[in-house]
Protein chains: 2
Amino acid sequence: MVVDCKTCPLRKAEIFDEMTEEEIQFMGTFKVGETKLDKGAQILMEGARSPQLFTVLRGMGLRYKVLPNGRRHVVNFILPGDFLGLQSGVMGEMKHSAEATTTMTLCVFNRSDLWTMYRQQPQRAYDLTWLASVEEHFLGEALASVGQMDAIQRICWGLVRFFDRCDGLGLVSDEACAFPYRQQDLADAVGLSLVHTNKTLQKLRDRQVLSWQDGTLRFLEMDVARQLAMMEEDSAETRPLI
Amino acid sequence: MVVDCKTCPLRKAEIFDEMTEEEIQFMGTFKVGETKLDKGAQILMEGARSPQLFTVLRGMGLRYKVLPNGRRHVVNFILPGDFLGLQSGVMGEMKHSAEATTTMTLCVFNRSDLWTMYRQQPQRAYDLTWLASVEEHFLGEALASVGQMDAIQRICWGLVRFFDRCDGLGLVSDEACAFPYRQQDLADAVGLSLVHTNKTLQKLRDRQVLSWQDGTLRFLEMDVARQLAMMEEDSAETRPLI
DNA sequence: CGACGCGTTGAAACTCGTCAATTGGTGTGG
DNA sequence: CCACACCAATTGACGAGTTTCAACGCGTCG
């Protein structure tokens with residue numbers, strides 16, 4: 001039942017870089033197993049020193065931080081191909097938590113092998129830095145979005161961003177993609193209250209910009225949504241897959 | 001006039017990891033020169049493909065993004081020891097701009113030597129990933145702060161964070177540190193309007209939590225400020241210096 | 001001297017958060 | 001099979017927090 005890296009279905013997605021035979025070979029030895037998680041399960045906990053790193057093979061989840069006052073901020077949505085635990089890998093402990101929103105399957109790697117990778121596979125090491133940089137870039141955009149936009153713009157931004165990521169992974173069919181989260185999750189991601197998020201979604205539905213029901217997200221007027229979100233057309237740059 | 005890596009004054013700061021002789025040696029060959037910038041000068045421009053990377057030797061600045069609607073978000077304040085241009089180094093182009101707030105001196109590296117570093121100095125490569133991870137961590141905190149806190153909390157968060165960074169660099173003396181920015185910069189960093197930032201600062205002054213005048217920041221009640229910012233005591237973890 | 005940048009202040013308008021109550025769907029136990 | 005609890009989505013009302021507009025003071029610079 002375990003997926004062999006050689007035939008990993010994720011690599012087919014257009015968003016990922018090509019990999020050499022040698023790299024695939026190496027990833028095969030790096031991977032030590034798979035984990036299957038039920039929906040709602042915790043993947044990582046803030047402050048934990050997990051000895052393991054993961055790549056999401058199937059399913060969706062979310063990363064979040066909980067503030068001392070009890071409020072939660074959703075840092076990002078987790079999609080297939082995402083690499084989890086890099087912070088604990090290099091910094092010693094996780095700086096945020098992660099949980100499964102749907103059932104998920106994760107490829108498991110040993111943190112202790114990370115250093116081997118840096119010595120023996122400089123290209124893969126470079127890719128890891130790349131990933132961290134991409135994440136930094138994303139968080140920078142999220143920060144600008146939450147800091148400078150109003151409710152409608154932020155909601156559009158969050159949903160368009162999610163849609164584009166799904167698109168790159170080939171998860172969009174018929175102009176629609178799965179969005180298995182609750183309104184509360186979206187609210188915590190863009191820094192709005194649940195009630196206001198709900199009312200803003202209502203406006204976007206009324207204006208025929210998008211629809212979201214039964215866990216399915218669909219943009220009826222993508223160009224309007226992009227304009228509201230102040231995002232360019234998805235650039236379709238490729239990125240590494242670990 | 002050019003500082004030799006062997007005698008780099010920055011390395012003395014307690015916040016930075018110890019470096020081996022070999023690493024210092026390598027950095028000496030990696031460094032190709034220095035640049036001095038006047039206040040207000042652009043360091044990096046969003047979208048640019050700079051062939052150079054920098055480490056801040058002296059001075060302060062800020063990183064920011066400009067949104068299509070003209071609004072600006074200050075992503076972070078730039079302090080000595082910060083490494084600039086990693087995104088353009090690994091991803092091809094900068095995802096934000098940076099400018100000097102005071103006069104600055106930068107160590108200059110060639111982007112083309114980065115790959116050599118990955119092949120020959122895995123420890124330094126690892127450090128680069130660490131840096132990107134730290135930055136990601138910081139942005140995650142900023143995101144949670146801007147997304148979930150009110151004005152007083154956000155302002156405290158931004159200023160305490162800055163103060164702690166200065167502290168780690170040995171830039172705090174007499175309980176005070178330099179803060180050479182405008183209120184507008186702080187406002188753009190925490191996602192508030194200039195006017196409201198001003199009034200919130202007034203409250204913090206009235207409550208005797210902090211003072212900020214003539215470019216000098218001082219906390220009169222640091223524990224109150226930390227509580228408002230919902231931050232723990234500064235953990236004094238060390239980090240690599242590139 | 002006048003222009004300009006930055007900090008400051010007051011008032012009005014508005015966005016957004018909180019409180020409260022309702023609906024519909026789902027699962028569980030009697 | 002129904003009663004009940006529970007969760008997510010929804011809606012209305014109200015008030016707090018923030019933004020925007022406008023004006024003024026102060027210092028610097030040409």
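Lettering follows sequence order; numbering is per chain, from 1.
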Engineer: Are side-chain N/O atoms of A:Glu135 and A:Asn76 paired as donor and acceptor at under 3.5 Å?
Structural biologist: yes
Engineer: Only pairs at least two apart or in different chains count here, so list each side-chain hydrogen bond (donor to acceptor under 3.5 Å, both in side chains) that has a residue in residues 211-233 of chain A.
Structural biologist: A:Asp164-A:Arg226
Engineer: Pick one: which of A:Phe179, A:Phe138, A:Phe163, A:Tyr64 meets ring-ring contact (aromatic ring centres under 6.0 Å, His included) with A:Phe77?
Structural biologist: A:Phe179
Engineer: Between C:dC6 atom C1' and B:Trp212 atom CH2, what is the distance in whole Å?
Structural biologist: 10 Å
Engineer: Which of these, B:Val190, B:Leu217, B:Val209, sits in a side-chain contact (heavy atoms from CB on, under 4.5 Å) with B:Leu159?
Structural biologist: B:Leu217
Engineer: More than 12 foreign heavy atoms under 6.0 Å from CE of B:Met222: is that the case here?
Structural biologist: yes
Engineer: Distance check needed: C:dG7 C1' versus B:Asp185 CG, whole Å only.
Structural biologist: 13 Å
Engineer: Would you say A:Arg182 reaches D:dT10's phosphate, i.e. side-chain N/O to OP1/OP2 under 4.0 Å?
Structural biologist: no
Engineer: Would you kindly give the CG-to-P distance between B:Leu186 and D:dT18, to the nearest whole Å?
Structural biologist: 14 Å
Engineer: Of all heavy-atom pairs between A:Cys156 and A:Ala225, which one has the smallest distance, and what is that distance?
Structural biologist: CB-O, 3.9 Å
Engineer: Roughly how many Å is it from NZ in B:Lys39 to P in C:dG5, rounded to a whole number?
Structural biologist: 15 Å
Engineer: What is the separation between atom CG on A:Asn198 and atom P on D:dT10, rounded to the nearest whole Å?
Structural biologist: 5 Å
Engineer: Could you tell me whether the phosphate oxygens of C:dT8, OP1 or OP2, come under 4.0 Å of any side-chain nitrogen or oxygen in B:Gln183?
Structural biologist: yes
Engineer: When you compare the side chains of A:Asp188 and A:Gln184, does any donor N or O come within less than 3.5 Å of an acceptor on the partner?
Structural biologist: yes
Engineer: Just how far, in rounded Å, is P of D:dG17 from CD1 of B:Ile155?
Structural biologist: 15 Å
Engineer: Please state how far atom CD in B:Gln213 lies from atom P in C:dC6, giving the value in whole angstrom units.
Structural biologist: 19 Å
Engineer: Taking five pairs at each end of the helix from C:dC1-D:dG30 to C:dG30-D:dC1, what angle separates the two helix axes (nearest 10°)?
Structural biologist: 20°
Engineer: Counting only side-chain nitrogens and oxygens, does B:Gln184 get under 4.0 Å of the OP1 or OP2 atom of C:dC6?
Structural biologist: no
Engineer: Should the pair B:Arg72-B:Asp185 be classified as a salt bridge under the 4.0 Å nitrogen-to-oxygen rule?
Structural biologist: yes
Engineer: Just how far, in rounded Å, is C1' of D:dG17 from CD of B:Gln153?
Structural biologist: 12 Å
Engineer: Dump the pairs, protein N or O against N or O of nucleotides 16-18 of chain C, anything under 3.5 Å, distances to one decimal.
Structural biologist:
residue : atom : partner  : partner atom : Å
C:dC16  : OP1  : A:Ala151 : N            : 3.0
C:dC16  : OP2  : A:His196 : NE2          : 3.3
C:dC16  : O5'  : A:His196 : NE2          : 3.4
C:dG17  : OP1  : A:Ser193 : N            : 3.4
C:dG17  : OP2  : A:Ser193 : N            : 3.1
C:dG17  : OP2  : A:Ser193 : OG           : 3.2

Engineer: Quick one, A:Asp150 and A:Thr200 - any side-chain contact, counting heavy atoms below 4.5 Å?
Structural biologist: no
